[in-house]
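Each chain gets a letter, A, B and so on, in the order its sequence line appears, and its residues count up from 1. Heavy atoms only: backbone and side chains are in, while hydrogens, waters and symmetry mates are out.
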Amino acid sequence: MSLKLFNTLSGKPESFKPLDDKTVRIYSCGPTVYDAPHIGNFRAFLFFDLVKRYLRFLGYEVNHVMNITDIDDKIIARCGEEGKTLSELTNEYRAAFEKDAVSLRIDLPDTMPAATDHIDDMIDLIKQLIDKDYAYLTDDGSVFFKIGSFPNYGRLSNIDTSQLSSTERVTDDEYGKENPQDFSLWKAWKEEDGEVEWESPWGRGRPGWHIECSAMSMKYLGEEFDIHCGGVDLIFPHHENEIAQSVCATDKLFVNFWLHCEHLLVNGAKMSKSLQNYYTITDLINRGYTASAIRYLLTASHYRHKVDLTEEHLLAASQAVNRFQDFRRRLEKLATSSSGHEADLPVLDEFRKAMNNDLNIAEAMGKVFDWIREVNRKIDSNDLTTEEAGRFIEVLDKIDSVIAVVSDDKPEITDEEATMIDEREKARQEKNWSRADEIRDYFRSRGFELEDTPDGTILKLSKEGSDKL
RNA sequence: GGCGACGUACCCAAGCGGUCUAAGGGAGCGGUCUGCAAAACCGCGAUUCAUCGGUUCGAAUCCGAUCGUCGCCUCCA
(Lines give C-alpha, C1' and ligand atoms only; values in the text may rest on other atoms or scores of the structure.)
Protein backbone atom coordinates (compact mmCIF):
# COMPACT_ATOMS: atom_id res chain seq x y z
CA MET A 1 0.00 0.00 0.00
CA SER A 2 1.31 3.38 -0.89
CA LEU A 3 1.26 6.64 1.01
CA LYS A 4 -2.02 8.51 0.91
CA LEU A 5 -2.20 12.13 1.94
CA PHE A 6 -5.23 14.34 2.32
CA ASN A 7 -4.95 17.02 -0.33
CA THR A 8 -6.78 20.22 0.58
CA LEU A 9 -7.13 20.93 -3.12
CA SER A 10 -9.36 17.92 -3.74
CA GLY A 11 -10.66 17.57 -0.20
CA LYS A 12 -9.77 13.90 -0.06
CA PRO A 13 -6.85 11.52 0.40
CA GLU A 14 -4.79 10.93 -2.73
CA SER A 15 -1.92 8.55 -3.45
CA PHE A 16 1.32 10.40 -3.12
CA LYS A 17 4.09 10.15 -5.64
CA PRO A 18 6.91 12.64 -6.10
CA LEU A 19 6.76 14.48 -9.42
CA ASP A 20 10.28 13.35 -10.29
CA ASP A 21 9.95 9.90 -8.66
CA LYS A 22 12.72 10.18 -6.09
CA THR A 23 13.20 13.56 -4.48
CA VAL A 24 10.25 15.09 -2.69
CA ARG A 25 10.26 18.85 -2.87
CA ILE A 26 8.47 20.50 0.05
CA TYR A 27 7.78 24.11 0.82
CA SER A 28 6.33 25.12 4.15
CA CYS A 29 5.28 28.50 5.46
CA GLY A 30 7.71 29.53 8.14
CA PRO A 31 7.64 31.99 10.99
CA THR A 32 7.11 35.72 10.89
CA VAL A 33 10.02 36.81 13.01
CA TYR A 34 8.63 39.68 15.06
CA ASP A 35 8.25 37.88 18.39
CA ALA A 36 9.21 34.62 20.07
CA PRO A 37 7.35 31.82 18.30
CA HIS A 38 4.73 30.16 20.48
CA ILE A 39 3.79 26.55 21.00
CA GLY A 40 0.95 26.83 18.48
CA ASN A 41 3.36 27.86 15.76
CA PHE A 42 5.42 24.86 16.65
CA ARG A 43 2.58 22.48 16.12
CA ALA A 44 2.80 23.43 12.46
CA PHE A 45 6.59 23.24 12.36
CA LEU A 46 6.49 19.85 14.03
CA PHE A 47 3.94 18.70 11.51
CA PHE A 48 6.25 19.67 8.64
CA ASP A 49 9.02 17.81 10.42
CA LEU A 50 6.86 14.71 10.77
CA VAL A 51 5.96 14.72 7.08
CA LYS A 52 9.58 15.06 6.14
CA ARG A 53 10.81 12.39 8.53
CA TYR A 54 8.17 9.96 7.38
CA LEU A 55 8.98 10.50 3.72
CA ARG A 56 12.60 9.74 4.52
CA PHE A 57 11.51 6.65 6.44
CA LEU A 58 9.86 5.52 3.21
CA GLY A 59 13.13 5.98 1.41
CA TYR A 60 12.59 9.27 -0.37
CA GLU A 61 15.08 12.07 -0.58
CA VAL A 62 13.56 15.29 0.69
CA ASN A 63 14.37 18.84 -0.26
CA HIS A 64 12.66 21.14 2.20
CA VAL A 65 12.42 24.91 1.88
CA MET A 66 10.86 27.11 4.53
CA ASN A 67 10.64 30.85 4.31
CA ILE A 68 11.43 33.34 7.02
CA THR A 69 9.03 36.27 6.81
CA ASP A 70 11.11 39.22 7.87
CA ILE A 71 9.07 42.01 6.39
CA ASP A 72 5.42 42.74 7.17
CA ASP A 73 3.17 45.17 9.06
CA LYS A 74 3.68 43.58 12.45
CA ILE A 75 7.43 43.62 12.09
CA ILE A 76 7.49 47.28 11.15
CA ALA A 77 5.22 48.13 14.08
CA ARG A 78 7.40 46.14 16.45
CA CYS A 79 10.57 47.86 15.25
CA GLY A 80 8.98 51.17 16.16
CA GLU A 81 7.99 49.92 19.62
CA GLU A 82 11.38 48.48 20.42
CA GLY A 83 13.42 51.13 18.67
CA LYS A 84 15.23 48.55 16.61
CA THR A 85 16.08 48.34 12.96
CA LEU A 86 14.34 45.76 10.85
CA SER A 87 17.37 43.49 10.68
CA GLU A 88 18.16 43.79 14.40
CA LEU A 89 14.66 42.70 15.29
CA THR A 90 14.30 39.94 12.75
CA ASN A 91 17.76 38.47 13.38
CA GLU A 92 16.97 38.27 17.06
CA TYR A 93 13.70 36.41 16.57
CA ARG A 94 14.98 34.26 13.79
CA ALA A 95 17.65 33.02 16.17
CA ALA A 96 15.00 32.44 18.86
CA PHE A 97 12.98 30.40 16.42
CA GLU A 98 15.92 28.25 15.40
CA LYS A 99 16.92 27.65 18.99
CA ASP A 100 13.45 26.40 19.94
CA ALA A 101 13.20 24.34 16.78
CA VAL A 102 16.46 22.59 17.56
CA SER A 103 15.42 21.96 21.14
CA LEU A 104 12.32 20.17 19.82
CA ARG A 105 14.58 18.09 17.55
CA ILE A 106 13.11 19.64 14.46
CA ASP A 107 15.32 18.83 11.54
CA LEU A 108 15.90 22.30 10.11
CA PRO A 109 14.92 22.83 6.46
CA ASP A 110 17.59 22.53 3.79
CA THR A 111 16.98 26.13 2.81
CA MET A 112 15.47 28.94 4.89
CA PRO A 113 15.31 31.94 2.63
CA ALA A 114 14.45 35.31 4.11
CA ALA A 115 11.96 37.49 2.27
CA THR A 116 14.16 40.58 2.34
CA ASP A 117 16.89 38.71 0.48
CA HIS A 118 14.51 38.04 -2.39
CA ILE A 119 12.90 41.37 -3.18
CA ASP A 120 14.24 41.26 -6.74
CA ASP A 121 12.69 37.85 -7.35
CA MET A 122 9.37 39.16 -6.13
CA ILE A 123 9.61 42.24 -8.33
CA ASP A 124 10.28 40.00 -11.34
CA LEU A 125 7.24 37.94 -10.56
CA ILE A 126 5.05 40.99 -10.13
CA LYS A 127 6.30 42.33 -13.47
CA GLN A 128 5.22 39.14 -15.18
CA LEU A 129 1.79 39.39 -13.63
CA ILE A 130 1.38 42.99 -14.77
CA ASP A 131 2.59 42.13 -18.29
CA LYS A 132 0.07 39.32 -18.52
CA ASP A 133 -2.65 41.64 -17.23
CA TYR A 134 -3.29 39.72 -14.04
CA ALA A 135 -2.23 42.69 -11.93
CA TYR A 136 -2.56 46.45 -12.06
CA LEU A 137 -0.88 49.53 -10.70
CA THR A 138 -2.78 52.11 -8.66
CA ASP A 139 -2.15 55.85 -8.52
CA ASP A 140 -0.15 55.69 -5.29
CA GLY A 141 2.28 53.13 -6.72
CA SER A 142 0.84 49.94 -5.27
CA VAL A 143 0.23 46.81 -7.30
CA PHE A 144 -2.77 44.55 -6.86
CA PHE A 145 -3.64 41.13 -8.15
CA LYS A 146 -6.91 41.04 -10.03
CA ILE A 147 -8.67 37.99 -8.68
CA GLY A 148 -11.35 38.21 -11.34
CA SER A 149 -8.69 37.33 -13.91
CA PHE A 150 -8.11 33.90 -12.40
CA PRO A 151 -11.11 31.60 -12.85
CA ASN A 152 -9.85 29.06 -10.32
CA TYR A 153 -9.64 31.63 -7.55
CA GLY A 154 -11.28 30.11 -4.44
CA ARG A 155 -10.78 26.51 -5.42
CA LEU A 156 -8.38 25.63 -2.60
CA SER A 157 -10.46 27.17 0.16
CA ASN A 158 -13.74 26.26 -1.46
CA ILE A 159 -14.86 29.83 -1.36
CA ASP A 160 -17.20 31.22 -3.94
CA THR A 161 -15.91 34.72 -4.54
CA SER A 162 -19.26 35.97 -5.75
CA GLN A 163 -20.63 35.06 -2.33
CA LEU A 164 -18.01 37.02 -0.46
CA SER A 165 -19.41 39.91 1.47
CA SER A 166 -19.32 43.08 -0.57
CA THR A 167 -19.04 45.30 2.47
CA GLU A 168 -15.31 44.73 2.68
CA ARG A 169 -13.46 47.37 4.55
CA VAL A 170 -10.83 49.03 2.47
CA THR A 171 -7.88 50.04 4.55
CA ASP A 172 -5.90 53.20 4.01
CA ASP A 173 -3.19 51.61 1.98
CA GLU A 174 -5.58 49.76 -0.23
CA TYR A 175 -7.59 52.49 -1.89
CA GLY A 176 -7.61 52.41 -5.63
CA LYS A 177 -8.45 48.71 -5.80
CA GLU A 178 -10.69 47.74 -8.66
CA ASN A 179 -12.30 45.07 -6.54
CA PRO A 180 -12.25 44.97 -2.73
CA GLN A 181 -11.09 41.36 -2.87
CA ASP A 182 -8.02 42.07 -4.93
CA PHE A 183 -4.89 41.62 -2.85
CA SER A 184 -1.66 43.55 -2.81
CA LEU A 185 1.49 42.40 -4.53
CA TRP A 186 3.43 45.57 -3.85
CA LYS A 187 2.67 48.20 -1.24
CA ALA A 188 3.67 51.78 -1.92
CA TRP A 189 5.79 53.43 0.79
CA LYS A 190 3.91 55.15 3.60
CA GLU A 191 5.19 57.33 6.36
CA GLU A 192 4.83 54.57 9.01
CA ASP A 193 7.22 52.44 7.01
CA GLY A 194 10.05 54.75 7.99
CA GLU A 195 13.30 53.55 6.50
CA VAL A 196 11.86 50.23 5.43
CA GLU A 197 11.70 50.55 1.66
CA TRP A 198 12.95 49.08 -1.57
CA GLU A 199 13.15 50.57 -5.04
CA SER A 200 10.88 49.07 -7.64
CA PRO A 201 9.69 49.91 -11.15
CA TRP A 202 6.61 51.36 -9.42
CA GLY A 203 8.49 53.52 -6.98
CA ARG A 204 9.69 52.79 -3.49
CA GLY A 205 7.72 50.46 -1.30
CA ARG A 206 7.67 46.91 -0.04
CA PRO A 207 6.25 43.59 -1.17
CA GLY A 208 2.83 42.30 -0.15
CA TRP A 209 2.76 39.30 2.14
CA HIS A 210 1.81 36.52 -0.25
CA ILE A 211 4.27 37.15 -3.04
CA GLU A 212 7.33 36.06 -1.06
CA CYS A 213 6.18 32.47 -0.87
CA SER A 214 5.47 32.26 -4.59
CA ALA A 215 8.80 33.80 -5.49
CA MET A 216 10.94 31.82 -3.09
CA SER A 217 9.25 28.46 -3.43
CA MET A 218 9.57 28.54 -7.21
CA LYS A 219 13.10 29.85 -7.06
CA TYR A 220 14.35 26.99 -4.88
CA LEU A 221 12.01 24.17 -5.85
CA GLY A 222 11.00 24.92 -9.42
CA GLU A 223 7.73 26.09 -10.90
CA GLU A 224 6.11 22.79 -10.00
CA PHE A 225 6.84 20.92 -6.82
CA ASP A 226 5.32 18.24 -4.60
CA ILE A 227 4.08 19.49 -1.28
CA HIS A 228 3.20 22.83 0.20
CA CYS A 229 2.15 22.82 3.82
CA GLY A 230 1.02 25.19 6.52
CA GLY A 231 -1.59 25.72 9.20
CA VAL A 232 -5.28 25.66 8.31
CA ASP A 233 -5.55 29.38 8.85
CA LEU A 234 -3.31 29.92 5.84
CA ILE A 235 -5.64 28.20 3.39
CA PHE A 236 -7.45 31.44 2.89
CA PRO A 237 -6.28 33.91 1.86
CA HIS A 238 -2.57 33.17 1.91
CA HIS A 239 -2.37 29.94 -0.03
CA GLU A 240 -5.26 30.81 -2.27
CA ASN A 241 -3.37 33.94 -3.26
CA GLU A 242 -0.12 32.08 -3.72
CA ILE A 243 -1.80 29.74 -6.17
CA ALA A 244 -3.32 32.64 -8.08
CA GLN A 245 0.01 34.46 -8.38
CA SER A 246 2.09 31.46 -9.25
CA VAL A 247 -0.24 29.75 -11.68
CA CYS A 248 -0.98 32.97 -13.52
CA ALA A 249 2.70 33.81 -13.82
CA THR A 250 3.84 30.41 -15.09
CA ASP A 251 0.74 28.60 -16.41
CA LYS A 252 2.06 25.59 -14.52
CA LEU A 253 0.63 23.36 -11.82
CA PHE A 254 2.63 25.05 -9.02
CA VAL A 255 1.89 22.63 -6.16
CA ASN A 256 0.74 19.02 -6.36
CA PHE A 257 -0.27 18.44 -2.73
CA TRP A 258 -1.52 21.01 -0.25
CA LEU A 259 -1.30 19.79 3.34
CA HIS A 260 -2.73 21.70 6.27
CA CYS A 261 -2.57 21.00 9.96
CA GLU A 262 -5.12 21.98 12.58
CA HIS A 263 -4.59 24.40 15.40
CA LEU A 264 -3.41 23.88 18.91
CA LEU A 265 -5.72 24.92 21.72
CA VAL A 266 -4.70 25.74 25.26
CA ASN A 267 -7.08 24.47 27.92
CA GLY A 268 -9.77 24.21 25.30
CA ALA A 269 -9.42 27.78 24.10
CA LYS A 270 -7.66 29.41 21.23
CA MET A 271 -4.38 30.91 22.26
CA SER A 272 -4.35 34.61 22.82
CA LYS A 273 -2.26 37.05 24.73
CA SER A 274 -5.28 38.47 26.52
CA LEU A 275 -6.10 35.05 27.95
CA GLN A 276 -2.47 34.67 29.01
CA ASN A 277 -2.41 31.21 27.57
CA TYR A 278 0.35 32.05 25.18
CA TYR A 279 3.27 29.71 25.79
CA THR A 280 6.67 29.47 24.22
CA ILE A 281 8.81 26.35 24.15
CA THR A 282 11.14 27.92 26.68
CA ASP A 283 8.17 28.58 29.00
CA LEU A 284 7.20 24.94 28.96
CA ILE A 285 10.71 23.63 29.34
CA ASN A 286 11.27 25.97 32.27
CA ARG A 287 8.14 24.54 33.82
CA GLY A 288 9.77 21.15 33.75
CA TYR A 289 8.22 19.56 30.69
CA THR A 290 10.62 17.77 28.42
CA ALA A 291 11.10 18.49 24.74
CA SER A 292 10.08 14.89 24.04
CA ALA A 293 6.79 15.22 25.89
CA ILE A 294 5.97 18.46 24.11
CA ARG A 295 6.93 16.92 20.81
CA TYR A 296 4.85 13.81 21.46
CA LEU A 297 1.77 15.75 22.47
CA LEU A 298 1.92 17.96 19.40
CA THR A 299 2.86 15.24 16.99
CA ALA A 300 1.16 12.00 18.06
CA SER A 301 -2.36 13.25 17.43
CA HIS A 302 -3.63 13.32 13.92
CA TYR A 303 -2.49 16.48 12.17
CA ARG A 304 -5.96 17.33 10.90
CA HIS A 305 -7.44 17.30 14.40
CA LYS A 306 -7.11 19.96 17.03
CA VAL A 307 -4.89 19.26 19.99
CA ASP A 308 -5.58 20.69 23.41
CA LEU A 309 -2.54 21.66 25.43
CA THR A 310 -3.39 20.96 29.07
CA GLU A 311 -1.61 19.85 32.17
CA GLU A 312 -3.25 16.43 31.95
CA HIS A 313 -2.41 15.91 28.30
CA LEU A 314 1.19 16.93 28.79
CA LEU A 315 1.43 14.43 31.60
CA ALA A 316 -0.06 11.69 29.47
CA ALA A 317 2.38 12.52 26.68
CA SER A 318 5.20 12.53 29.14
CA GLN A 319 4.25 9.05 30.35
CA ALA A 320 3.98 7.71 26.83
CA VAL A 321 7.44 9.04 26.09
CA ASN A 322 8.79 7.51 29.31
CA ARG A 323 7.46 4.18 28.17
CA PHE A 324 9.52 4.43 24.99
CA GLN A 325 12.61 5.64 26.77
CA ASP A 326 12.44 3.04 29.55
CA PHE A 327 11.94 0.38 26.94
CA ARG A 328 15.04 1.43 25.06
CA ARG A 329 17.03 1.50 28.30
CA ARG A 330 15.98 -2.07 29.05
CA LEU A 331 17.09 -3.19 25.60
CA GLU A 332 20.41 -1.38 25.94
CA LYS A 333 21.12 -3.30 29.12
CA LEU A 334 20.69 -6.57 27.28
CA ALA A 335 22.21 -5.86 23.90
CA THR A 336 25.87 -6.62 23.46
CA SER A 337 26.34 -4.91 20.16
CA SER A 338 24.24 -3.90 17.26
CA SER A 339 23.42 -6.77 14.98
CA GLY A 340 24.64 -4.98 11.90
CA HIS A 341 21.97 -6.22 9.58
CA GLU A 342 19.02 -4.27 8.34
CA ALA A 343 16.36 -4.19 11.00
CA ASP A 344 13.03 -5.56 9.94
CA LEU A 345 10.10 -6.77 11.99
CA PRO A 346 6.33 -6.99 11.51
CA VAL A 347 5.91 -3.95 13.75
CA LEU A 348 7.64 -1.82 11.13
CA ASP A 349 5.18 -2.97 8.49
CA GLU A 350 2.28 -2.20 10.78
CA PHE A 351 3.73 1.19 11.56
CA ARG A 352 4.15 1.89 7.87
CA LYS A 353 0.70 0.67 7.01
CA ALA A 354 -0.90 2.97 9.55
CA MET A 355 1.22 5.96 8.63
CA ASN A 356 0.56 5.43 4.95
CA ASN A 357 -3.07 6.12 5.67
CA ASP A 358 -2.75 9.90 5.77
CA LEU A 359 -0.26 9.73 8.64
CA ASN A 360 -2.54 7.87 11.04
CA ILE A 361 -0.07 8.18 13.86
CA ALA A 362 -2.53 7.17 16.60
CA GLU A 363 -2.95 3.77 15.03
CA ALA A 364 0.78 3.56 14.34
CA MET A 365 1.57 4.26 17.98
CA GLY A 366 -0.96 1.64 19.05
CA LYS A 367 0.92 -0.97 17.04
CA VAL A 368 4.24 0.12 18.47
CA PHE A 369 2.93 -0.07 22.04
CA ASP A 370 1.57 -3.54 21.36
CA TRP A 371 5.03 -4.57 20.26
CA ILE A 372 6.67 -2.96 23.28
CA ARG A 373 4.43 -4.90 25.64
CA GLU A 374 5.19 -8.12 23.86
CA VAL A 375 8.94 -7.54 24.08
CA ASN A 376 8.76 -6.41 27.71
CA ARG A 377 7.00 -9.67 28.51
CA LYS A 378 9.87 -11.52 26.87
CA ILE A 379 12.43 -9.55 28.83
CA ASP A 380 10.55 -10.25 32.08
CA SER A 381 10.70 -13.96 31.43
CA ASN A 382 14.35 -13.86 30.38
CA ASP A 383 13.50 -14.97 26.89
CA LEU A 384 15.24 -12.22 24.98
CA THR A 385 18.62 -12.97 23.46
CA THR A 386 21.31 -10.29 23.26
CA GLU A 387 21.15 -10.56 19.50
CA GLU A 388 17.42 -9.86 19.52
CA ALA A 389 17.88 -6.97 21.91
CA GLY A 390 20.33 -5.40 19.48
CA ARG A 391 17.98 -5.89 16.59
CA PHE A 392 15.05 -4.45 18.52
CA ILE A 393 17.03 -1.33 19.31
CA GLU A 394 17.52 -0.84 15.59
CA VAL A 395 13.82 -1.27 14.99
CA LEU A 396 12.96 1.18 17.73
CA ASP A 397 15.45 3.68 16.40
CA LYS A 398 13.98 3.34 12.95
CA ILE A 399 10.58 4.24 14.36
CA ASP A 400 12.21 7.04 16.29
CA SER A 401 13.64 8.44 13.09
CA VAL A 402 10.03 9.47 12.47
CA ILE A 403 8.71 10.36 15.91
CA ALA A 404 11.95 11.58 17.50
CA VAL A 405 10.98 11.17 21.13
CA VAL A 406 12.90 8.12 22.25
CA SER A 407 16.38 9.47 22.65
CA ASP A 408 16.79 10.49 26.24
CA ASP A 409 16.15 13.87 27.70
CA LYS A 410 19.30 13.72 29.79
CA PRO A 411 18.99 14.97 33.35
CA GLU A 412 21.71 17.43 34.25
CA ILE A 413 23.11 17.24 37.74
CA THR A 414 26.07 18.67 39.61
CA ASP A 415 29.14 16.70 40.73
CA GLU A 416 27.92 16.82 44.34
CA GLU A 417 24.63 15.33 43.24
CA ALA A 418 26.43 12.57 41.40
CA THR A 419 28.27 11.81 44.64
CA MET A 420 24.94 11.68 46.46
CA ILE A 421 23.77 8.93 44.15
CA ASP A 422 26.85 6.88 45.06
CA GLU A 423 26.27 7.64 48.72
CA ARG A 424 22.72 6.38 48.42
CA GLU A 425 23.95 3.15 46.85
CA LYS A 426 26.21 2.63 49.84
CA ALA A 427 23.38 3.44 52.24
CA ARG A 428 21.17 0.92 50.51
CA GLN A 429 23.80 -1.77 50.79
CA GLU A 430 24.03 -1.01 54.50
CA LYS A 431 20.23 -1.13 54.64
CA ASN A 432 20.17 2.46 55.83
CA TRP A 433 16.77 3.00 54.28
CA SER A 434 16.03 6.34 55.86
CA ARG A 435 19.16 7.92 54.36
CA ALA A 436 18.42 6.30 51.01
CA ASP A 437 14.89 7.70 50.98
CA GLU A 438 16.10 11.09 52.10
CA ILE A 439 18.38 11.30 49.10
CA ARG A 440 15.63 10.15 46.77
CA ASP A 441 13.31 12.81 48.17
CA TYR A 442 15.99 15.40 47.57
CA PHE A 443 16.18 14.42 43.91
CA ARG A 444 12.41 14.48 43.61
CA SER A 445 12.38 18.04 44.85
CA ARG A 446 14.85 18.82 42.08
CA GLY A 447 12.59 17.23 39.45
CA PHE A 448 14.41 13.91 39.14
CA GLU A 449 13.41 10.35 39.89
CA LEU A 450 15.80 7.68 41.13
CA GLU A 451 14.86 4.22 40.00
CA ASP A 452 16.51 1.18 41.54
CA THR A 453 17.03 -1.78 39.27
CA PRO A 454 18.93 -5.03 39.73
CA ASP A 455 21.71 -3.47 37.67
CA GLY A 456 21.99 -0.26 39.64
CA THR A 457 20.21 3.04 40.04
CA ILE A 458 18.90 5.05 37.12
CA LEU A 459 18.43 8.81 37.22
CA LYS A 460 15.45 10.07 35.25
CA LEU A 461 13.55 13.28 34.86
CA SER A 462 10.32 13.32 36.85
CA LYS A 463 7.24 12.88 34.78
CA GLU A 464 5.44 15.90 36.14
CA GLY A 465 6.23 19.45 35.24
CA SER A 466 7.22 21.48 38.25
CA ASP A 467 4.84 24.34 37.51
CA LYS A 468 1.23 24.00 36.54
CA LEU A 469 -0.06 25.49 33.35
C1' G B 1 -25.85 34.25 5.88
C1' G B 2 -21.99 30.99 2.99
C1' C B 3 -18.35 26.92 3.40
C1' G B 4 -16.34 23.06 6.43
C1' A B 5 -14.99 19.83 10.64
C1' C B 6 -16.30 17.11 14.81
C1' G B 7 -19.44 14.38 18.91
C1' U B 8 -16.46 6.58 20.75
C1' A B 9 -15.09 4.71 28.46
C1' C B 10 -12.94 9.53 33.80
C1' C B 11 -9.29 12.18 29.91
C1' C B 12 -6.86 11.65 24.89
C1' A B 13 -7.85 8.48 20.86
C1' A B 14 -8.03 4.30 16.62
C1' G B 15 -11.99 2.48 13.89
C1' C B 16 -13.49 3.93 6.43
C1' G B 17 -20.20 -2.23 6.03
C1' G B 18 -19.17 -8.38 8.89
C1' U B 19 -12.83 -10.80 12.25
C1' C B 20 -16.25 -4.83 17.21
C1' U B 21 -19.59 -8.32 23.31
C1' A B 22 -14.86 -1.54 19.90
C1' A B 23 -7.05 -0.89 19.36
C1' G B 24 -3.57 2.00 21.95
C1' G B 25 -1.88 5.86 25.69
C1' G B 26 -3.00 8.38 30.40
C1' A B 27 -5.64 8.27 35.11
C1' G B 28 -7.96 4.62 38.68
C1' C B 29 -8.51 -0.12 41.25
C1' G B 30 -6.61 -5.23 42.47
C1' G B 31 -2.23 -8.52 41.99
C1' U B 32 3.16 -10.32 40.88
C1' C B 33 8.01 -8.23 41.72
C1' U B 34 10.66 -4.76 45.23
C1' G B 35 13.68 -2.70 51.80
C1' C B 36 10.17 0.99 50.12
C1' A B 37 9.29 3.33 45.67
C1' A B 38 9.65 3.32 40.40
C1' A B 39 9.67 0.43 36.07
C1' A B 40 7.76 -4.04 33.92
C1' C B 41 4.08 -7.77 33.65
C1' C B 42 -1.01 -9.90 34.82
C1' G B 43 -6.22 -8.78 35.84
C1' C B 44 -10.61 -5.23 36.19
C1' G B 45 -12.89 -1.22 33.31
C1' A B 46 -17.86 1.10 27.10
C1' U B 47 -23.20 -5.36 25.38
C1' U B 48 -21.92 0.30 23.56
C1' C B 49 -20.19 4.38 19.78
C1' A B 50 -24.60 12.44 20.88
C1' U B 51 -30.18 11.47 19.85
C1' C B 52 -34.02 9.65 16.67
C1' G B 53 -35.33 7.39 12.24
C1' G B 54 -33.91 4.85 7.52
C1' U B 55 -30.90 1.57 3.99
C1' U B 56 -28.87 -3.50 4.60
C1' C B 57 -28.99 -10.46 5.96
C1' G B 58 -25.57 -7.26 8.91
C1' A B 59 -23.84 -0.17 10.87
C1' A B 60 -19.70 3.13 15.50
C1' U B 61 -18.95 2.75 10.23
C1' C B 62 -23.79 4.49 4.65
C1' C B 63 -28.31 8.09 4.25
C1' G B 64 -31.68 11.78 6.60
C1' A B 65 -33.30 14.73 10.62
C1' U B 66 -32.41 16.78 15.47
C1' C B 67 -29.25 18.48 19.45
C1' G B 68 -24.33 20.07 20.75
C1' U B 69 -19.06 21.77 20.07
C1' C B 70 -15.69 24.19 16.90
C1' G B 71 -13.14 26.46 12.64
C1' C B 72 -12.83 29.64 8.17
C1' C B 73 -15.25 33.78 5.19
C1' U B 74 -8.82 38.69 3.93
C1' C B 75 -3.99 39.73 11.49
C1' C B 76 -3.03 34.51 12.52
C1' A B 77 0.77 28.08 12.47
Rounding to the closest angstrom, what is the interatomic distance between B/rA13 and B/rG7 at atom P? 9 Å
Taking the same atom, C1', in B/rU61 and in B/rG18, what whole-Å distance lies between them? 11 Å
With a 4.0 Å cutoff (strictly under), does any side-chain N or O of A/Arg330 reach OP1 or OP2 of B/rA40? no
N or O in side chain of A/Gln319 less than 4.0 angstrom from B/rA27 OP1/OP2: yes
Test side-chain contact (heavy atoms from CB on, under 4.5 Å) on A/His263 and A/Val232 and set out the steps. CA-CA 7 Å; A/His263 277 174; A/Val232 283; 4.0 Å; yes
Is_stacked (A/Phe369, B/rG24) at 5.5 Å, 30 deg: no
Pairwise C1' distance for B/rC41 and B/rA60, with rounding to whole Å: 32 Å
In whole angstroms, how far is the P atom of B/rG4 from the NE2 atom of A/His263? 19 Å
Rounding to an integer number of angstrom, what distance separates B/rA77 and B/rC44 when you compare their P atoms? 48 Å
Below 4.0 Å: OP1/OP2 of B/rG25 and any side-chain N or O of A/Arg373: yes
Across all strands, who's sitting opposite B/rA23 as a Watson-Crick or G-U wobble pair, both distances under 3.5 Å? none
Under 4.0 Å from OP1 or OP2 of B/rC3: is there any side-chain N or O of A/Asn158 that close? no
Take atom C1' in B/rG17 and the same atom in B/rU55, then report the distance between them in whole Å. 12 Å
Side-chain N,O (A/Arg440) to OP1/OP2 (B/rA38) below 4.0 Å: no
For B/rG1, the Watson-Crick or wobble counterpart (both distances under 3.5 Å): B/rC73
Look through every strand shown and name the nucleotide pairing with B/rU51 as Watson-Crick or G-U wobble, where both distances are under 3.5 Å. B/rA65
Base B/rC76 to side chain A/Lys270, donor-acceptor N/O within 3.5 Å cut-off: yes
Any donor-acceptor pair under 3.5 Å joining the side chain of A/Asp308 to the base of B/rC12? no
Which distance, rounded to the nearest 0.5 Å, do you find between the CG of A/Asp182 and the CZ of A/Phe145? 8.5 Å
Closer to the 5' end of RNA chain B via nearest nucleotide, is it A/Ala317 or A/Arg444? A/Ala317
Output yes when at least one side-chain N/O atom of A/Asn360 is less than 4.0 Å from OP1 or OP2 of B/rC16, else no. no
Pairwise P distance for B/rC3 and B/rC75, with rounding to whole Å: 22 Å
Could you measure between the two P atoms, the one in B/rU66 and the one in B/rA40, and give it in whole Å? 49 Å
In whole angstroms, how far is the P atom of B/rC33 from the CG atom of A/Asn376? 18 Å
So, OP1 or OP2 of B/rA14: does either fall under 4.0 Å of a side-chain N or O from A/His305? yes
Which residue lies toward the 5' end of RNA chain B, A/Asp326 or A/Tyr296, if each is placed at its nearest nucleotide? A/Tyr296
Lys/Arg-Asp/Glu bridge criterion (N-O < 4.0 Å) met for A/Lys353, A/Glu350: no
Send over the distance from A/Glu262 CD to B/rC12 P, rounded to a whole Å. 16 Å
Using a cut-off of strictly less than 4.0 Å, decide whether A/Arg323 has a side-chain nitrogen or oxygen near OP1 or OP2 of B/rC41. yes
Taking a pair to mean Watson-Crick or G-U wobble geometry with both distances below 3.5 Å, B/rA46 pairs with none
No-H, no-angle donor-acceptor pair, A/Asp437 side chain to B/rG35 base, under 3.5 Å: yes
Complementary nucleotide for B/rG18 - Watson-Crick or wobble, under 3.5 Å: B/rC57
CD1 of A/Ile393 to CZ of A/Phe327, rounded to nearest 0.5 Å, is 9.0 Å
Suppose you measure atom C1' in B/rU69 against the same atom in B/rC29; what distance do you get, rounded to whole Å? 32 Å
Is the shortest distance from a Lys or Arg side-chain nitrogen in A/Arg377 or A/Asp380 to a carboxylate oxygen in the other one below 4.0 Å? no
Above 12 or not: heavy atoms from other molecules or residues under 6.0 Å from NZ of A/Lys84? yes
For A/Asp35, is there an ion pair with A/Arg78 - N to carboxylate O distance below 4.0 angstrom? yes
